Each structure stands twice: as C-alpha cells, then as structure tokens.
Amino acid sequence: MSDIKKIEQHYSLDERPFLEKVRGFCHLVDERYSPYLTDFLNPREIQIVEELAHYYNLKFFVSSTLESEEYGRVILAPDYYELEEDDFEIKRLEISYARQFNKLTHPKVLGALINQLGLDRQVFGDIILDEEGRVQFYIASHLASYAIMTITKIGNVSVTLKEVSKDDWISNQEKYSKTFVLLSSMRLDNVLSTVLNLSRSNALKLIASGKVKLNYRQVEKADQAVIIGDMISIRGYGRFRLAQQDGFSKSGKAKIVIESLLRRRKK
C-alpha cells in the first residue's frame with residue numbers, strides 16, 4: 001500500500017474531496033516552487049492541510065490561533081519562503097450601525113455577507129461581536145472594498161462598513177463554560193442527549209434533520225463514534241467540545257469535561 005493510501009485511511013469518506021484538493025495545492029507548490037494561499041478554512045480543514053504539508057515536506061503557516069480566531073487562511077510554501085504578516089491578505093472590517101436601537105447577530109451578519117455579496121463562506125473569516133454590540137469580521141483583502149461599497153443594510157438595519165486597524169480590533173467575547181458529564185456511550189446520539197439534557201428521541205430528530213455537525217461536517221448517523229477533541233455544533237443550540245476524559249465513575253461511565261458555548265432554549 002502506498003503512503004498516500006495510508007494517509008487516506010485516517011480520513012472519512014466525506015473528507016476525501018477536500019483531501020484531494022489539498023493534494024492539488026501541495027503539487028502546485030512543488031511544481032511552481034512558490035507559496036500557495038488558501039481561502040478561509042475551519043479548524044478541521046486547517047488540521048488536514050497541516051498534515052498534508054508535513055507529508056509533502058512543505059512549510060505551513062496559518063493566520064488564526066485557537067485562542068482568538070476560529071477560521072484562518074493557510075500558506076503552503078517551499079523551504080526558502082519567509083513569512084510576512086501581510087502575506088495572508090486579510091482585512092478586518094467593522095460594521096457601524098445605531099447600536100442603541102438595534103442588535104445584530106452572527107447569523108444575520110453572515111447571511112447578509114453571503115447573500116448580498118454573492119460570495120462563498122470561504123472568503124470570510126470570523127465574525128466577532130462584543131458586549132457593547134460592536135461587530136467586526138475578517139475578509140479576503142481583495143474583496144474588502146467591494147463589501148464596503150455593497151453592504152448598506154443588514155435586515156432592516158442601516159449599516160456602513162469600514163476597515164479597522166489593529167489598535168481598534170475588538171476581542172472575541174465567546175467564552176466556553178466547562179462542565180462535567182458521565183457518558184455511558186460515546187455514540188453521537190448519547191452524547192447529544194446527555195450534554196443537551198434531551199430525550200434520546202429528540203437527539204435522534206436533531207441528527208436526522210441535518211442540524212448536527214461533527215468537526216464542522218454534517219453528520220446523520222446516530223451511532224457515529226465521538227472522541228476526545230471533537231467539536232459538535234447543533235443548529236439553534238450552539239456548540240461544545242469534548243475537552244478531556246478524567247477516568248471512569250464507579251459504574252463504569254466515562255467522566256468527560258465539556259467546553260460549551262450553548263444557547264439557553266426557551267421553554
């Protein structure tokens with residue numbers, strides 16, 4: 001078996017198309033002996049690119065850090081390349097609006113960016129909101145002017161966009177809370193049921209309706225195995241990560257630390 005086939009075995013079938021795309025990036029770097037800049041990628045995609053970069057002996061640089069940004073652009077490069085910050089070609093824009101009368105949310109902002117600009121999610125990075133209602137987002141540099149000229153309303157709210165310097169960046173206010181749960185099984189439906197305090201039937205409905213993503217990929221198999229480090233996001237609920245395992249209870253259940261960013265549901 002070839003080395004690349006051994007690598008493929010570590011990825012799910014629905015990740016294979018992205019894996020092939022990244023292999024294409026790596027071949028371009030080798031053939032042209034020049035760096036390649038990706039679109040914005042989610043953390044799982046970034047991990048895949050890093051693993052392939054190691055396999056092809058390429059330099060790997062990412063614009064994001066887990067502590068501050070979720071989405072990032074990656075540069076794959078030959079051995080001579082030295083990184084400069086502007087090489088990621090990213091700008092941060094702020095959305096100005098009447099904050100005393102209106103409230104913008106992450107879904108509204110993302111929807112406006114995609115629908116009004118007619119662009120894919122991959123050209124945008126994180127959308128950051130602070131407690132005062134300020135909103136900023138990352139965008140590929142070559143699209144910043146287009147966004148500034150085009151976006152004048154989000155929903156019924158009049159807005160203006162402007163580029164902001166690092167001195168005016170707001171920090172990501174998303175804070176994960178830590179809780180402990182006891183899991184009798186690491187099946188996806190059982191994990192959802194336990195963490196969200198739902199009946200097993202309601203957890204199954206969420207999975208079957210396509211509202212659950214595991215490591216940023218939609219999953220519809222209730223018996224999908226979940227492991228430490230996995231991120232689970234549920235439309236309408238938020239997301240959580242299985243951070244670590246602290247042994248087992250006397251009854252044999254796994255003691256799992258959950259880092260969550262979950263919304264309170266109205267009853």
Side-chain angles (χ1 to χ4, degrees), residues 39-46 62-73 85 88-141 143-179 195-196 211-213 215-216 231-241 243 258-266:
D39 288 329
F40 283 96
L41 306 176
N42 66 45
R44 174 56 179 165
E45 291 169 332
I46 291 171
V62 61
S63 65
S64 63
T65 62
L66 291 177
E67 291 76 19
S68 55
E69 302 105 29
E70 187 174 10
Y71 289 83
R73 301 188 81 177
E85 188 174 358
F88 288 114
E89 299 180 17
I90 295 172
K91 288 188 177 180
R92 189 191 276 217
L93 304 184
E94 179 161 348
I95 302 173
S96 299
Y97 65 103
R99 285 182 276 153
Q100 64 271 38
F101 304 117
N102 303 285
K103 181 179 180 181
L104 295 181
T105 63
H106 187 287
K108 286 182 180 178
V109 173
L110 181 58
L113 294 176
I114 292 175
N115 296 325
Q116 293 187 43
L117 298 178
L119 300 171
D120 293 332
R121 175 66 180 88
Q122 288 82 2
V123 302
F124 308 108
D126 287 21
I127 297 171
I128 304 149
L129 299 88
D130 72 4
E131 294 176 350
E132 297 177 355
R134 292 178 67 192
V135 183
Q136 297 177 355
F137 66 93
Y138 292 101
I139 188 171
S141 295
L143 295 169
S145 297
Y146 173 52
I148 290 171
M149 291 187 295
T150 304
I151 302 291
T152 58
K153 273 198 168 184
I154 297 179
N156 295 321
V157 180
S158 296
V159 302
T160 58
L161 274 59
K162 65 177 182 179
E163 185 179 351
V164 286
S165 64
K166 268 194 171 181
D167 292 338
D168 293 321
W169 285 7
I170 59 176
S171 61
N172 195 333
Q173 295 297 309
E174 293 186 336
K175 301 295 183 183
Y176 283 83
S177 60
K178 285 189 177 182
T179 55
V195 175
L196 300 182
K211 294 182 178 180
V212 179
K213 289 185 177 181
N215 296 327
Y216 302 89
M231 169 76 78
I232 299 173
S233 51
I234 313 97
R235 193 186 316 156
Y237 286 82
R239 61 181 184 262
F240 62 87
R241 179 187 296 110
I258 300 293
E259 295 179 345
S260 61
L261 186 68
L262 299 174
R263 306 183 184 99
R264 292 186 176 182
R265 304 288 292 178
K266 294 182 180 179

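Predicted, not measured: the structure shown is a model, and the values here were computed from it.
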Quick check: do [X] and [Y] have side-chain heavy atoms less than 4.5 Å from each other?
X      : Y      : answer
Tyr138 : Ile128 : yes
Phe137 : Ile95  : yes
Arg73  : Val62  : no
Ile46  : Ser64  : yes
Arg92  : Ile170 : yes
Trp169 : Gln136 : yes
Leu143 : Phe124 : no

Nearest 0.5 Å, what's the [atom1]-[atom2] distance between [X] and [Y]?
X      : Y      : atom1 : atom2 : result
Arg241 : Ile258 : CZ    : CD1   : 10.5 Å
Ile127 : Lys108 : CD1   : NZ    : 13.5 Å
Arg239 : Ile234 : CZ    : CD1   : 10.5 Å
Glu259 : Thr179 : CD    : OG1   : 9.5 Å

If you take all heavy atoms of [X] and [Y], which pair is closest and at what distance?
X      : Y     : result
Ile139 : Phe40 : C-CE1, 3.9 Å
Gly72  : Ser63 : CA-OG, 3.4 Å
Gly125 : Tyr71 : CA-CB, 4.0 Å

Using atom types as modelled, flag every donor-acceptor pair under 3.5 Å from a side chain in residues 146-166 to any protein atom, sequence neighbours excluded.
unit_1	atom_1	unit_2	atom_2	d
Tyr146	OH	Leu117	O	3.1
Thr150	OG1	Tyr146	O	2.7
Lys166	NZ	Glu85	OE2	2.7

Spell out, as yes or no, whether a donor-acceptor pair under 3.5 Å connects the side chain of [X] to the backbone of [Y].
X      : Y      : value
Tyr97  : Gly133 : yes
Ser141 : Glu89  : yes
Asp120 : Gln122 : no

Q: Identify, with sequence neighbours excluded, every residue that meets side-chain contact (heavy atoms from CB on, under 4.5 Å) alongside Lys103.
A: none

